Peer 1: 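Quick one: structure below, then a few questions.
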Amino acid sequence: MSPRILLTGIPGHLTRLIQRAEDSRVFYSEKQPQPEDKEAYLRELKNISNTGNYLIGEGALRALSPDATHIPFWHLYNAVNNGTGLDAINKQFDICVFTCANLLRKSLSADAEAQVLSKLDMPVVMLGIGIQNRPDLEESLPEGTQRLLQVLKEKEHYFLTRGDETAAYLKDQGFSFVRPVGCPSMYFMPANVRKAIRRLPDVKVGEGRTVFTGYMGAALDTIGDMNALSSDDGRSAYVIQDEPLHFDMQIEPNEDGRVYDSTSGEMIGDLTFKGSEELKKKIKVHTFFDTNQWRAWTSSMDFSFGRRFHGNVIALQAGVPSLIVAVDDRMREMLNFSGLPKVEANDLNSANDRSAFISDHLAEMNIPQVIEKYSDRERSFRSVLTEIGIG
């Protein structure tokens, strides 16, 4: 008999519809939020912190067997802290799949995760766990994260990491079941991902509809990308993931009191950010809280380029050729492991002509090799889930 799977941790976008949770039951609203004023828009962003994270929970749920049930982590945390406890959860489920990301980093103490997972009487699968920066592992991780690792060491555990470096670190810590698999978001709609990769040689850089992702408000690199790689007809766009929360991007309402059009996903208020005066191309700015809307919109684009991993992965899911700029160790681990098309940020930033540099880079790619490596990683991912009994 298939195990009854509890899925928690980083959620998919359907978490926005949760009204309440009781014991092991979750109640959803049929009414989609429409966060069009500034307060509602920022509240939606804060609920997830980074809209790209929705792809992690979504990819996990799609990859697991139909017996998987999502229970929001906040409900488990509240139950532990308000005295209700997790008795109903422990009776209802046989194994917990905890979706995570760059959990091993010095800027995050995983106190809440340690507290909740210590109360679960079942094996735990840490799906998509990874590092942020290599130096973080050379120092002591925060106390809460160390406690989490100790909790997991004391029960049956499975670590499915974002790549080889995290796997090596966890093996050195004495964990028994450690497999590098990548991020589950990469294996959502794999046929479209392969289609997108095959289309890369046909990209006409600077001529089509390009969607950009990056860190507008934090640095000028993304503005340089858009100036160099956008077409001149105003059809290119930028997608926000968390910039108004974490970087110097300010939004103010238009004359109707709105900052956002929930139908198109377009930002319609007054948008200001560091270096805005340096942007020479006309770029529309969007945000998406529903991954289906995000993918559908992205499918109309010709090329995706940028410094955000999931902002490009969703384009791959939509069959749109994408090139990801590797900006840190977290991204390099995932990209090196998966073989997804990438370019190093330092190489791009130092190029005299970014458009010509990218065109040459695309022309030099060994597309069959890229597809073969990605396909191998996808097979391995599903094989490991089957080995555990949750695929």
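Only a predicted model underlies this, so the values are computations on that prediction, with no experimental measurement involved. In what follows, every heavy atom counts, from backbone to side chain, and hydrogens, waters and symmetry copies are set aside.
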Peer 1: Please walk me through it: do Phe289 and Tyr260 pass ring-ring contact (aromatic ring centres under 6.0 Å, His included)?
Peer 2: CA-CA 11 Å; Phe289 300 106; Tyr260 180 67; 5.6 Å; yes

Peer 1: What I want to check is whether the side chains of Glu243 and Tyr238 have a donor and an acceptor closer together than 3.5 Å.
Peer 2: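 Their side chains do contain a donor-acceptor pair, which is all the 3.5 Å distance test asks for.
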
Peer 1: If you look only at pairs with a residue in residues 148-165, which of them pass as a salt bridge (Lys or Arg N to Asp or Glu O under 4.0 Å), with sequence neighbours excluded?
Peer 2: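 For residues 148-165, and leaving out neighbouring residues, the salt bridge (Lys or Arg N to Asp or Glu O under 4.0 Å) pairs sorted by first residue read Arg134-Glu165.
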
Peer 1: May I ask you to check if Arg377 and Phe381 form a cation-pi contact, with NZ or CZ under 6.0 angstrom from the six-membered ring centre and within 45° of the axis?
Peer 2: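 Geometry flag: not set, cation outside 6.0 Å or 45°.
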
Peer 1: Do other residues, nucleotides or ligands put more than 12 heavy atoms under 6.0 Å from Glu387 CD?
Peer 2: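 Yes, CD of Glu387 has more than 12 neighbouring heavy atoms, counting only those of other groups under 6.0 Å.
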
Peer 1: The criterion is side chain to side chain donor-acceptor pair (under 3.5 Å); which residues satisfy it with Ser49, sequence neighbours excluded?
Peer 2: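 Per chain and number, Ser49 pairs via side chain to side chain donor-acceptor pair (under 3.5 Å) with His246.
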
Peer 1: Distance under 6.0 Å and angle within 45° of the ring axis: does Arg20 meet both against Phe27?
Peer 2: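 Judged by the rule (NZ or CZ under 6.0 Å from the ring centre, within 45° of its axis), Arg20 counts as positioned above Phe27.
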
Peer 1: Passes side chain to side chain donor-acceptor pair (under 3.5 Å), Glu36 versus Ser262? Steps please.
Peer 2: CA-CA 6 Å; Glu36 301 211 332; Ser262 56; 2.8 Å; yes

Peer 1: Just do the ring-ring contact (aromatic ring centres under 6.0 Å, His included) check on Tyr215 and Phe247 with the steps written out, would you?
Peer 2: CA-CA 8 Å; Tyr215 298 92; Phe247 308 116; 5.5 Å; yes

Peer 1: Does Asp376 pair with Lys373 as a salt bridge, N-O distance under 4.0 Å?
Peer 2: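 Result for this pair is no, no salt bridge flagged.
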
Peer 1: Is a side-chain N or O of Glu333 found less than 3.5 angstrom from the main chain of Thr166, in a donor-acceptor match?
Peer 2: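 Such a contact is found between Glu333 side chain and Thr166 backbone.
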
Peer 1: Please identify each residue that fulfils ring pair (Phe, Tyr, Trp, His ring centres under 6.0 Å) with Phe73, with sequence neighbours left out.
Peer 2: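 Residues passing ring pair (Phe, Tyr, Trp, His ring centres under 6.0 Å) with Phe73: Phe98.
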
Peer 1: Between Tyr77 and His75, does a ring-ring contact (aromatic ring centres under 6.0 Å, His included) hold up when you go through it step by step?
Peer 2: CA-CA 5 Å; Tyr77 181 76; His75 173 57; over 10 Å; no

Peer 1: What's the verdict on side chain to side chain donor-acceptor pair (under 3.5 Å) for Gln115 and Asn81, showing C-alpha distance, side-chain angles and the deciding distance?
Peer 2: CA-CA 9 Å; Gln115 186 176 4; Asn81 282 277; 3.1 Å; yes

